[in-house]
Amino acid sequence: MSTPDPKPPIDFIRAIIEQDRETGKHGGRIQTRFPPEPNGHLHIGHAKAICLNFGVAAEYGGLCNLRFDDTNPVKEEAEHAEAIMRDIRWLGFDWEDRLHYASDYFEQLYEWAVKLIRDGKAYVDDLSAEEIREYRGTLTEPGRESPFRDRPVEENLDLFERMRAGEFADGEKVLRAKIDMASPNLNLRDPVMYRILHTAHHRTGDKWCIYPTYDWTHGQSDSIERITHSLCSLEFENHRPLYDWYLDQLGIFHPRQIEFARLHLSYMVLSKRKHIRLIESGAVSGWDDPRMPTLAGLRRRGYTPGAIRTFCDRIGLAKRESVVDIALLEHCLREELNRTSPRVMAVLRPLRVVIENYPDGKSEPLDCVNNPEDPSAGTRKVPFSKVLYIERGDFMEDPPKKFFRLAPGREVRLRYAYFLTCREAVRDENGEIVELRCTYDPETRGGDAPDGRKVKATLHWVSADHAVDAEVRLYNHLFVREDPDDVAEGGDFLDNVNPDSLEVLTGCKVEPGLASAKGSDRFQFERLGYFCVDPVDSRPGALVFNRTVTLRDTWARIQKASGGGTKTRGR
RNA sequence: UGGGGCGUCGCCAAGCGGUAAGGCACGGGCCUUUGGAGCCCGCAUUCGGAGGUUCGAAUCCUCCCGCCCCAGCCA
């Protein structure tokens with residue numbers, strides 16, 4: 001009662017930052033940055049880094065920059081930078097006027113390189129790429145020094161200037177830092193600082209034909225921007241001594257780099273290289289395919305930025321490589337969608353129902369609640385009539401024990417409408433059930449029986465005469481295994497692509513109010529899941545919905561537990 | 001048999017010498033006009049393993065085992 005609330009646990013990075021604030025480091029100033037390379041698209045793994053960097057800055061009264069690490073002109077494009085900015089804004093973050101490019105620092109970097117040469121800390125090397133590799137040594141053997149390592153400073157200066165002037169061909173020379181060819185850390189074995197690339201850059205055009213490597217650029221870029229905490233993923237831990245070396249040689253502002261484990265998700269693949277292969281193999285339609293873990297794909301699928309943000313808050317932050325269960329992401333999604341999505345009725349696999357005792361030609365508007373989680377969402381009218389569609393999976397002629405939906409002779413409730421009793425299943429010449437003959441109880445309008453009798457199930461429905469047709473795309477996990485890389489000898493992650501990851505349903509029947517749905521409108525199709533209008537393929541009169549995520553489905557779990565049984569057709 | 005990291009419940013993750021938080025998943029119950037939502041309960045005598053220090057160890061020491069990263073003129 002009177003004991004003060006214990007401080008909620010914070011992650012190790014925030015702990016370091018809080019400590020730095022207390023000790024007054026940098027005068028308490030906090031500055032972070034998100035440093036993407038403008039190639040490829042952002043995915044949910046990047047979202048973790050974005051939420052961390054922008055989140056930390058916001059929490060501690062600091063600032064977060066957006067900086068494009070555009071040091072490799074052969075791989076980068078302006079259009080990717082645009083897509084990345086759009087994705088970050090969509091996620092809900094704002095870098096205001098702090099948009100930077102590593103390429104803005106090329107001139108400064110060049111001057112610093114000259115300084116290192118003057119100080120005898122860098123040299124121009126004529127070795128070829130292959131030779132450099134050979135000279136580097138191995139994990140267990142030290143490397144050998146290049147024969148060009150001890151060139152006089154004046155010669156290095158001259159050569160480096162001529163490299164910049166374009167006198168040499170690609171690959172002919174490089175500038176290397178002179179550190180230690182015997183270091184057990186291979187990054188310190190005279191790393192390359194500049195390579196010759198006669199390639200136009202998306203921002204600097206033809207101004208340069210030598211380009212700084214990432215390792216020579218990153219730390220100084222952070223320094224220039226006065227980044228106090230430079231957060232990056234684990235694989236850069238081995239590079240930290242190199243970044244420290246550069247900063248120390250230059251005697252410039254020294255950010256603190258802290259590494260954390262990047263995100264891995266079950267049933268997903270989070271690497272640019274693999275995403276490209278998925279696209280090129282035709283497994284998915286593109287970067288924004290709703291099955292892709294890219295922010296573009298998730299957005300099109302119907303994910304909300306808020307759900308992704310809370311997911312990033314809940315996965316925690318540590319140095320241990322881990323694989324987060326996709327169920328956690330889906331949980332965060334449902335949590336938000338449940339609160340915010342208007343309910344609507346849609347029948348994906350229609351089964352015709354004729355109510356024999358309902359007057360021909362009559363139709364009545366029934367009151368339906370838009371969102372039981374949000375009274376302010378109000379109600380709407382949905383037309384009811386003699387002929388309806390219900391979900392095929394909601395009827396079974398010979399139901400198993402725990403199935404309590406419709407069956408011959410059984411009474412159920414039609415949501416917001418009436419109690420309905422099945423009298424007969426009508427079959428076609430192939431023996432397939434094509435229609436149900438039913439009766440309703442006029443006393444149960446609205447869904448309650450005056451005599452107090454109960455039913456065990458409530459079904460969604462759509463009036464046949466009023467229904468609007470739609471196409472619905474059902475998505476399942478893109479991979480068939482939790483770890484897509486879990487393949488047989490010589491196999492490939494593409495072998496694990498789920499052949500049923502996309503199921504397209506046409507002739508679905510949705511309630512009439514949906515005719516005007518557009519953009520990326522989100523809905524809960526009652527009893528089925530959350531769906532959104534596909535922002536690229538949907539048209540008025542030719543609606544297309546994407547299933548964002550299913551509702552939790554106890555019945556499906558019961559079926560699965562009891563040995564699978566019938567395939568979950570209706571769900 | 002070089003260096004750098006990491007090993008706490010099925011999956012994440014707190015914990016930092018005082019006797020294992022929380023979330024997801026899972027199981028059970030209540031409630032319910034969504035088999036949804038909500039509510040309640042359960043779920044690590046044990047922290048990769050083995051020794052040791054200590055009144056007391058997931059936390060300190062030693063050894064061992066396992067996993068990840070590094071030999072791009074990628075980032």
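In what follows, chains are A, B, ... by sequence order, proteins preceding strands, each numbered from 1. Just so it is clear, the values below take in all heavy atoms, side chains as well, and ignore hydrogens, waters and symmetry mates.
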U19(B) and C55(B): how far apart are their C1' atoms, nearest whole angstrom?
-> 12 Å

Write down the distance separating the P atoms in G28(B) and U46(B), rounded off to the nearest Å.
-> 26 Å

Side-chain contact, heavy-atom cut-off 4.5 Å: [X] with [Y]?
| X | Y | result |
| --- | --- | --- |
| R522(A) | T304(A) | yes |
| F525(A) | V344(A) | yes |
| R203(A) | F68(A) | no |

Toward the 5' end of RNA chain B, which comes first, D70(A) or R240(A), by nearest nucleotide?
-> R240(A)

Residue mapping more 5' on RNA chain B - nearest nucleotide basis, P372(A) or D215(A) = P372(A)

Quick one: [X] [atom1] to [N] [atom2], roughly how many Å, whole number?
| X | N | atom1 | atom2 | answer |
| --- | --- | --- | --- | --- |
| D483(A) | C12(B) | CG | P | 12 Å |
| F260(A) | A13(B) | CZ | P | 13 Å |
| N370(A) | G36(B) | CG | P | 21 Å |
| M163(A) | C73(B) | CE | P | 13 Å |
| D553(A) | A25(B) | CG | C1' | 16 Å |
| R343(A) | G36(B) | CZ | C1' | 8 Å |

Base, sugar-phosphate or nothing for [X]? Non-hydrogen atoms, less than 4.0 Å.
| X | value |
| --- | --- |
| Y418(A) | nothing |
| Q524(A) | base |
| L175(A) | nothing |
| D170(A) | nothing |
| E373(A) | base |
| E526(A) | base |
| F404(A) | base |
| K402(A) | base |
| P35(A) | nothing |

Counterpart base for [N], defined by Watson-Crick or G-U wobble contacts under 3.5 Å:
| N | result |
| --- | --- |
| C74(B) | none |
| C60(B) | G52(B) |
| A21(B) | none |
| C39(B) | G29(B) |
| A44(B) | none |

Donor-acceptor contact present, side-chain [X] to main-chain [Y], <3.5 Å:
| X | Y | result |
| --- | --- | --- |
| D190(A) | R176(A) | no |
| R162(A) | E167(A) | no |
| H477(A) | F479(A) | no |
| S183(A) | D180(A) | no |
| Y194(A) | Y110(A) | yes |
| D170(A) | H198(A) | yes |
| E259(A) | R240(A) | no |
| K319(A) | L234(A) | no |

Would D367(A) and Y416(A) count as having a side-chain donor-acceptor pair, cut-off 3.5 Å?
-> no

Do D69(A) and H218(A) have side-chain N/O donor and acceptor atoms under 3.5 Å apart?
-> yes

So, are R33(A) and E225(A) salt-bridged, with charged N and O less than 4.0 Å apart?
-> no

Smallest separation among heavy atoms of V353(A) and I390(A), with atom names = CG2-CG1, 3.7 Å

On a plain distance test, is the side chain of R405(A) in donor-acceptor contact with the base of G35(B) below 3.5 Å?
-> yes

Report yes if at least one side-chain N or O of [X] is closer than 4.0 Å to OP1 or OP2 of [N]; otherwise report no.
| X | N | answer |
| --- | --- | --- |
| S183(A) | G2(B) | no |
| T71(A) | A75(B) | yes |
| R413(A) | G35(B) | no |
| R195(A) | A75(B) | yes |
| H331(A) | C24(B) | yes |
| R527(A) | G35(B) | yes |
| R339(A) | A37(B) | no |
| R552(A) | A37(B) | yes |

Looking only at side-chain atoms of R133(A), point me to the closest of G72(B), A75(B), U34(B).
-> G72(B)

Counting side-chain heavy atoms from C-beta on, which of U34(B), G35(B), G72(B) comes nearest to R415(A)?
-> U34(B)

Within 45° of the axis and under 6.0 Å from the centre of the six-membered ring of W208(A), does NZ or CZ of R164(A) qualify?
-> yes

Please tabulate, one pair per line, each protein N/O and nucleotide N/O from nucleotides 27-29 of chain B that are separated by under 3.5 Å, including the distance.
unit_1	atom_1	unit_2	atom_2	d
G27(B)	OP2	R557(A)	NH1	3.1

Identify all pairs in which a protein N or O lies below 3.5 Å from an N or O of nucleotides 9-11 of chain B, and state each distance.
unit_1	atom_1	unit_2	atom_2	d
C11(B)	O3'	V323(A)	O	3.1
C11(B)	O2'	V323(A)	O	2.7
C11(B)	O2'	D325(A)	N	3.3

Can you pull every protein N or O that's under 3.5 Å from an N or O on nucleotides 67-70 of chain B?
unit_1	atom_1	unit_2	atom_2	d
C69(B)	O2	N238(A)	ND2	3.1
C70(B)	O4'	N238(A)	ND2	3.4

Provide the full list of salt bridge (Lys or Arg N to Asp or Glu O under 4.0 Å) pairs with a residue in residues 324-346 of chain A, sequence neighbours left out, each pair given once.
-> R314(A)-E335(A)

Are there any protein N/O atoms within less than 3.5 Å of an N/O atom in nucleotides 39-44 of chain B, and if so, which ones and at what distance?
none

Picking from R415(A), R405(A), R410(A), what satisfies salt bridge (charged side-chain N to carboxylate O under 4.0 Å, His left out) with D394(A)?
-> R405(A)

What N/O pairs connect the protein and nucleotides 14-21 of chain B at under 3.5 Å? Give each pair on its own line.
unit_1	atom_1	unit_2	atom_2	d
A14(B)	OP1	L317(A)	O	3.3

